[in-house]
Amino acid sequence: MQKNHRPEEEGFTVTPWEVEGDIDYEKLIEDFGTEDLNQDLLDRIEKMVGDTHFMLRRGIFYSHRDLDRILDDHEEGKKFALYTGRGPSGHTHVGHLMPWIFAKWMQDKFDVDLYFQLTDDEKFLFNFDSELEDTYSYAIENAKDIIALGFDPDKTHIFIDTDFIHQLYPLALKVGKRLNFSNVKAVFGFDNSTNVGSIFYTAIQSAPCFLPTELEGEEVPVLIPCGIDQDPHFRLTRDIAETIGYTKPALLHNKLAPSLDGTGKMSASQPKTTIFTTDKPEDVDEKINEAFTGGRISAAEQREKGGDPSICAIQNYRYYIFESDDEKVDSIAERCRKGDILCGECKQLLKENINRFLSEHQERREKAEKMLDDFLVKDCEQEFRS
Ligand code: TRP
């Protein structure tokens, strides 16, 4: 059993529910036992689909499990499906969009179905103060953001757990029967005070790994693009998959989007250092103005000595999400290092970029409201919500 991260040991924590500190991503590959997404694999993808994505090129997606097997199968004309998800604890922030934008690219390039799980149950169980009605309505809000990214309605199946449990439950039971308490305890750090809903939850997140096979009546393995913090769930799923007659899910892991204060990852619980898809231009401007940069104490000193883009939240935002053109990212970093551009101007450029993106996204998000029925799959109507 791989170990769980504790801050006192490593100086950082990465679990599905807590990400803190300065994350050593290479160390996570070692500790979690995943594979490095190496140049051979990147070249192979590029050859297969005739294109690459900046998140692959820049090592934002950087680790995997069994991606080579999925590519082998695809080359032989065998099917696979994409599976990813979101815990609806609040509004979507721009960091969440990162893996979803990539999932859309994968869907387009490989022409495959995408299953998208919205875990209103998870957020209800793990956040003590939350109500199911609230996590459900955030799931709907988040679904609009997903739809706004332009996924193909014929190939994209979004489901909210409490609306789709009838389909998930038999699979969750098969998983649940094979996982014992000592497994989940070791992986997630649970103890005797953990509620029993949470202990079972990993079975619910595992269920969609096998759903395409069940729904299509033939073997359809999944590839899961997700944050590396979600790997512990799927490590457990992979351990038992074959014992219940399914292929192990494959994974493609991304690094977590950094926050604007220069520490840790973007988090909805830190609204001032996080940009939400529902933010107005004034909100964006204010948050960017406050962001941590690699600038110097005074303009004069910065012109003379240059800034440090490697620690700068503004440059990180560009690199991770808002600038797909490598040359632009590099040239602005170079100008920063030489002292040719100061933080005010650099922030202004990013603000314009983000606000342009958000105004278009918000328009598509509004239209998405009417498209919810085209994307959301349900198995029954719930009384308690009406
Ligand atoms: N647990 C994830 C979260 O809190 C949500 C999730 C469910 C997920 N299934 C997934 C994420 C599959 C990635 C891939 O956000």
Side-chain angles (χ1 to χ4, degrees), residues 13-19 32 34 55 61 63-67 80-104 106-107 113-127 130 135-136 138-139 141-143 145-146 151 156-165 167-168 171-172 175 184 187-188 190 197-212 221-238 241 248-257 265-269 274 377:
T13 315
V14 175
T15 76
W17 302 287
E18 197 189 357
V19 175
F32 284 1
T34 68
M55 292 183 198
F61 276 86
S63 149
H64 78 101
R65 292 182 188 270
D66 281 346
L67 176 67
F80 76 94
L82 294 165
Y83 158 41
T84 193
R86 148 90 180 138
S89 50
H91 276 297
T92 307
H93 61 60
V94 293
H96 297 129
L97 298 181
M98 215 174 79
W100 307 351
I101 289 170
F102 180 74
K104 165 153 169 40
M106 290 287 284
Q107 177 178 70
D113 278 31
L114 166 70
Y115 291 81
F116 204 117
Q117 180 177 41
L118 289 164
T119 56
D120 58 337
D121 50 353
E122 175 190 14
K123 294 298 144 178
F124 173 65
L125 289 168
F126 284 88
N127 301 342
S130 66
T135 58
Y136 183 83
Y138 276 129
E141 290 305 308
N142 297 167
D145 287 300
I146 300 162
F151 287 100
T156 306
H157 319 284
I158 307 175
F159 50 94
I160 302 174
D161 281 345
T162 60
D163 270 344
F164 198 60
I165 195 62
Q167 297 285 336
L168 299 176
L171 291 167
V175 176
V184 290
V187 171
F188 299 120
F190 293 157
S198 298
I199 296 166
F200 182 69
Y201 169 73
T202 197
I204 301 276
Q205 184 158 328
S206 298
C209 296
F210 313 125
L211 190 66
V222 297
L223 172 64
I224 311 173
C226 65
I228 184 86
D229 59 319
Q230 296 298 313
D231 185 74
H233 286 295
F234 300 119
R235 199 189 306 152
L236 289 168
T237 322
R238 284 170 55 87
K248 290 179 182 187
L251 290 115
L252 192 46
H253 306 104
N254 64 274
K255 297 177 184 167
L256 308 162
K265 76 156 185 170
M266 226 182 274
S267 161
S269 57
T274 299
V377 287

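When a ligand or atom number is given, it counts from 1 through the structure's own listing order. Residue numbers start at 1 and run along the sequence shown. Owing to the predicted nature of the structure, the values given are computational and were not obtained by experimental measurement.
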Of all the heavy atoms in Y83, does at least one lie under 4.0 Å from an atom in ligand 1?
yes
So do V222 and Y115 actually touch side chain to side chain, heavy atoms under 4.5 Å?
no
Taking atom types as modelled and ignoring hydrogens, do the side chains of T135 and S130 form a donor-acceptor contact shorter than 3.5 angstrom?
no
Mind checking whether F61 and H253 have ring centres under 6.0 Å apart?
no
Shortest protein contact, atom 11 (C) of ligand 1 (heavy atom only)
G85 O, 3.3 Å
A student checking ligand 1 against T119 at a 4.0 Å heavy-atom cut-off should list atoms 5 (C), 7 (C)
So, do R238 and D66 sit near enough that their side-chain heavy atoms are less than 4.5 Å apart?
yes
Quick one: does T84's side chain have a donor or acceptor within less than 3.5 Å of a partner on P225's backbone?
yes
Atom indices of ligand 1, in the order listed, that fall short of 4.0 Å to a heavy atom of C226:
13 (C), 14 (C)
Any idea which part of F126 is under 4.0 Å from ligand 1, heavy-atom wise: side chain, backbone, both or neither?
neither
Sole candidate of F151, F164, Y83, W100 that passes ring-ring contact (aromatic ring centres under 6.0 Å, His included) when paired with F116:
W100
Pairs of nitrogen or oxygen atoms closer than 3.5 Å, one from G87 and one from ligand 1: do any exist?
yes
Looking at W17, is its backbone amide N or carbonyl O close enough to the side chain of T15 to form a donor-acceptor pair, meaning the two atoms are under 3.5 Å apart?
yes
I224 neighbourhood, listing ligand 1 atoms whose heavy-atom distance to it stays under 4.0 Å:
14 (C)
Please state whether the rings of H91 and Y138 are parallel, tilted or perpendicular, taking 30° and 60° as the class boundaries.
perpendicular
Taking distance alone, with no angle check, do Q205 and ligand 1 share an N/O pair under 3.5 Å?
yes
Report, in ascending order of atom number, the atoms of ligand 1 lying under 4.0 Å from any heavy atom of E122.
1 (N), 2 (C), 3 (C), 4 (O), 5 (C)
Consider every N or O of T84 and every N or O of ligand 1, then say whether any pair is closer than 3.5 Å.
no
Check each atom of ligand 1 against the heavy atoms of R86 and keep those under 4.0 Å away; list them by number with element.
5 (C), 6 (C), 15 (O)
Side chain, backbone, both or neither: Q230 near ligand 1, heavy atoms under 4.0 Å:
side chain
Using a 4.0 Å heavy-atom cut-off, say whether K123 meets ligand 1 through its side chain, its backbone, both or neither.
side chain
How far is atom 7 (C) of ligand 1 from its nearest protein heavy atom, and which residue and atom is that?
Q117 OE1, 3.2 Å
I want to check something: taking the side chain as every heavy atom from C-beta on, are T202 and T237 in contact at a cut-off of under 4.5 Å?
no
